2 protein chains.
Amino acid sequence: MHRFSKKVSMTVVKRLPKYYQYLTDLQLNDIEKISSRELASLMGLTASQIRQDLNSFGGYGQQGYGYNVSELRNAIKDILGLDYEYSCIIIGAGNMGHAIANYERFRREGIILKGVFDVDPLRIGTVVGSVVVKHMDELEEFVSQNEIDVCILCVPREVGQQIANQVTSFGIQGILNFSPMDLEVPKGVEVENVNITDSLFTLTYRLKDYKISTEDNPETSDD
Amino acid sequence: MHRFSKKVSMTVVKRLPKYYQYLTDLQLNDIEKISSRELASLMGLTASQIRQDLNSFGGYGQQGYGYNVSELRNAIKDILGLDYEYSCIIIGAGNMGHAIANYERFRREGIILKGVFDVDPLRIGTVVGSVVVKHMDELEEFVSQNEIDVCILCVPREVGQQIANQVTSFGIQGILNFSPMDLEVPKGVEVENVNITDSLFTLTYRLKDYKISTEDNPETSDD
DNA sequence: TAGATTGTTAATCGATTAACAATC
DNA sequence: TAGATTGTTAATCGATTAACAATC
């Protein structure tokens, strides 16, 4: 019965990393307390929403005072599961795999890179993020000998599903998927997609009007 | 008054790239029509939601028949603004910059890479995604001579805001931001964040329960 | 025509905003 | 105590689901 039993809505959970980020920054700047109003203006939310969000788990605020930054940060850290360490492997040692492997923040938050795998002979044996790239053939044995929590998938679309099948059959419970496709996984396996193309397209959607207004439009004069 | 004037809710817009992806795949497989029920089971949505979504812009369906795949795909392509070409530059020629530069799908959908910029002398002059890396000092002139729609920002957190200030002052209207921070930009400039850490943390949130249940728990026996 | 499937309305659900009493 | 600010309730808004008449 330790930790938070109240269930937090997924909408709120998706905002928690952002809260965590801002609270971490505040803490680094030695700011000890913050009100919902101040945090709201910082993060671009409403004070009301923040109070609702933070109240959906414990009561970390204090009337007349606000929220204690480090206390609230720790609470959110716990909720996000960041009080544990997670072992991860990267599959696909291309540019994206490299980028993630060198992402310092992951290690700092307890996501420990244990292995990198690829099938390209040119990549195998090279060092990526302090780890030597192994061939995919060694994956099964590696996973059975090292408890791996997360697989970071950075492979082409064509092989994504097949590799997802493999890693889940080896018992990996979480996939952070950079391959541009949806994955079908057994029940119980958690997948988080990072779909760069999707993000780009919501941007082009918003740029479209600007694009239209700046294009040559010879019919404008007669109405 | 050409094109879609009905406003589509942002919730729906965020789903459109996924529709677009699935419809593209269907088209590649020579499938001409699809019902909301079939598409729902494919995409993991409800048929009802799909009909609501697709009906928030034009009436691309036909009773008793379903939706014409290529017609619907074209409509969504238009709404997402993908009937235009967009020029883009990448700032930051690190691993992430490389990864994006080599992302074939961007070019295929009309996002054309025009330049890559960095400050690291070792990177300047190298070729990234068929483009020669230039020094940031050349950015202003480059942007003034090439109409650039989108800046893809792949720089460290520390310099993200400063570079965003620069590119917006040069007139760039859209930023796809891979730097792990929120950007303050002038009104009218559109920013889409791809925050990898945030994605990872919503994954650890979901893995937490599993982690708890598998950790050694010597107190379990006495209750 | 009969069957299928949309478009659309109504019902439900959930999230955000507003307001204020509780309380530090 | 007086002022500030939360926790929490109520009101509003928006999104999803359900249901079915319209129609191809």
Side-chain angles (χ1 to χ4, degrees), chain A residues 4-19 22-23 26 31-76 79 198 202 205-206, chain B residues 4-19 22-23 26 31-76 79 198 202 205-206:
Chain A
F4 309 96
S5 35
K6 274 196 214 174
K7 59 187 171 326
V8 184
S9 88
M10 206 53 205
T11 328
V12 175
V13 170
K14 289 213 201 87
R15 274 193 291 268
L16 289 184
K18 193 172 169 183
Y19 283 116
Y22 275 85
L23 290 166
L26 287 168
I31 291 165
E32 280 171 18
K33 78 171 187 75
I34 192 154
S35 70
S36 57
R37 195 175 42 72
E38 291 167 314
L39 193 56
S41 98
L42 221 52
M43 294 179 63
L45 303 174
T46 67
S48 195
Q49 182 172 43
I50 287 184
R51 290 204 299 278
Q52 289 280 16
D53 281 1
L54 301 185
N55 225 220
S56 69
F57 49 93
Y60 290 92
Q62 193 168 70
Q63 281 102 328
Y65 174 82
Y67 298 86
N68 178 292
V69 170
S70 78
E71 198 187 332
L72 182 58
R73 178 179 177 275
N74 284 334
I76 292 175
I79 294 170
D198 288 2
T202 63
Y205 169 81
R206 289 183 280 150
Chain B
F4 309 95
S5 35
K6 275 196 215 177
K7 59 187 171 327
V8 184
S9 86
M10 205 53 206
T11 326
V12 175
V13 170
K14 289 213 203 87
R15 275 193 290 268
L16 289 184
K18 192 173 170 181
Y19 283 116
Y22 276 85
L23 291 166
L26 287 167
I31 292 164
E32 280 171 21
K33 78 169 186 78
I34 192 153
S35 70
S36 56
R37 194 174 44 73
E38 291 168 313
L39 193 55
S41 97
L42 222 51
M43 294 180 62
L45 303 174
T46 68
S48 196
Q49 181 172 42
I50 287 185
R51 290 203 299 280
Q52 288 280 15
D53 281 1
L54 302 185
N55 226 220
S56 68
F57 50 93
Y60 290 92
Q62 193 168 72
Q63 281 102 329
Y65 174 82
Y67 298 87
N68 178 293
V69 169
S70 77
E71 197 188 333
L72 182 58
R73 178 179 177 275
N74 284 335
I76 291 175
I79 294 170
D198 288 3
T202 62
Y205 169 82
R206 289 183 280 151

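Here the structure is a predicted model, which is why all the values come from computation and not from measurement. Just so it is clear, the values below take in all heavy atoms, side chains as well, and ignore hydrogens, waters and symmetry mates. Below, chain A is the first sequence line, B the second, and so on; all start at residue 1.
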Distance, rounded to the nearest Å, where [X] contributes [atom1] and [N] contributes [atom2]:
{"X": "A:Q49", "N": "C:dA15", "atom1": "CD", "atom2": "C1'", "value": "8 Å"}
{"X": "B:Y67", "N": "D:dC24", "atom1": "OH", "atom2": "P", "value": "14 Å"}
{"X": "B:N55", "N": "D:dC20", "atom1": "CG", "atom2": "C1'", "value": "15 Å"}
{"X": "A:Q62", "N": "D:dA4", "atom1": "CD", "atom2": "P", "value": "16 Å"}
{"X": "A:Y65", "N": "D:dG7", "atom1": "OH", "atom2": "C1'", "value": "17 Å"}
{"X": "B:L72", "N": "C:dT5", "atom1": "CG", "atom2": "C1'", "value": "15 Å"}
{"X": "B:R37", "N": "C:dA4", "atom1": "CZ", "atom2": "P", "value": "10 Å"}
{"X": "B:R51", "N": "C:dG7", "atom1": "CZ", "atom2": "P", "value": "8 Å"}

Nearest 0.5 Å please: distance from the NZ atom of A:K18 over to the CG atom of A:D53.
11.0 Å
Sort out the partner of D:dT6 for me: Watson-Crick or G-U wobble, both distances under 3.5 Å, none otherwise.
C:dA21
Answer for the Watson-Crick or wobble partner of D:dA15, both distances under 3.5 Å, is C:dT12
Does any non-hydrogen side-chain atom of A:L72 lie less than 4.5 Å from one of A:Y19?
no
Has A:T46 got a side-chain N or O lying under 4.0 Å from the OP1 or OP2 atom of C:dT16?
no
Has B:S36 got a side-chain N or O lying under 4.0 Å from the OP1 or OP2 atom of C:dT6?
yes
Counting side-chain heavy atoms from CB outward, which of [options] is closest to [X]?
{"X": "B:Q52", "options": "D:dT17, C:dA18, D:dT23", "answer": "D:dT17"}
{"X": "B:K33", "options": "C:dT16, D:dT5, C:dT5", "answer": "C:dT5"}
{"X": "A:T11", "options": "D:dT6, C:dT16, C:dT6", "answer": "C:dT16"}
{"X": "A:S48", "options": "C:dT6, D:dT17, C:dT17", "answer": "C:dT17"}

Show your working on side-chain contact (heavy atoms from CB on, under 4.5 Å) between B:L42 and B:I34 and close with a plain yes or no.
CA-CA 10 Å; B:L42 222 51; B:I34 192 153; 4.2 Å; yes
